[in-house]
**Q** 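Take this structure, written in structure tokens, and hold onto it; I'll ask about it next.
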Amino acid sequence: MLSIDVAVLLSVVVVLRLRRRTQARSRSDERMTVLIVLALGVVLAPTEVGRSIADVVGRLVDGVSQAGQ
């Protein structure tokens, strides 16, 4: 039996959709990509990987805001 992680599947879909040329996308196609990326964020947020990403981004934003002062 094959088991596929939903986060991995959504990541693959996002990468494949973002590889397409921008000029070839319709508005509905762009909306679908945004919805898929949001779903990926919701899936990753409660995981350890999601918390690590949030921590790294938080530190980066904190460093940039302190550098601007």
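No experiment lies behind these values; they were computed from the predicted model shown.
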**Q** If only atom types and distance count, is the side chain of Arg51 paired as donor or acceptor with the main-chain N or O of Pro46 below 3.5 Å?
**A**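 Yes, because the side chain of Arg51 sits within donor-acceptor range (under 3.5 Å) of the backbone of Pro46.
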**Q** Leu35 and Leu18: same hydrophobic cluster, using ILVMFWY side-chain contacts below 4.5 Å?
**A**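 No.
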**Q** In Å, rounded to the nearest 0.5 Å, how long is the span from CZ of Arg31 to CD1 of Ile36?
**A**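 Here the interatomic distance stands at 14.5 Å.
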**Q** Answer whether the closest heavy-atom distance between the side chains of Thr33 and Val14 falls below 4.5 Å.
**A** no
**Q** With Arg59, which residues qualify under salt bridge (charged side-chain N to carboxylate O under 4.0 Å, His left out), at least two apart?
**A** Asp55
**Q** Write down the atom of Ser11, the atom of Leu40, and the distance for their closest heavy-atom approach.
**A**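 It is OG-CD1, 3.7 Å.
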**Q** Are Leu10 and Met32 joined in one hydrophobic group, where the rule is that I, L, V, M, F, W and Y side chains link up if heavy atoms are under 4.5 Å apart?
**A** yes
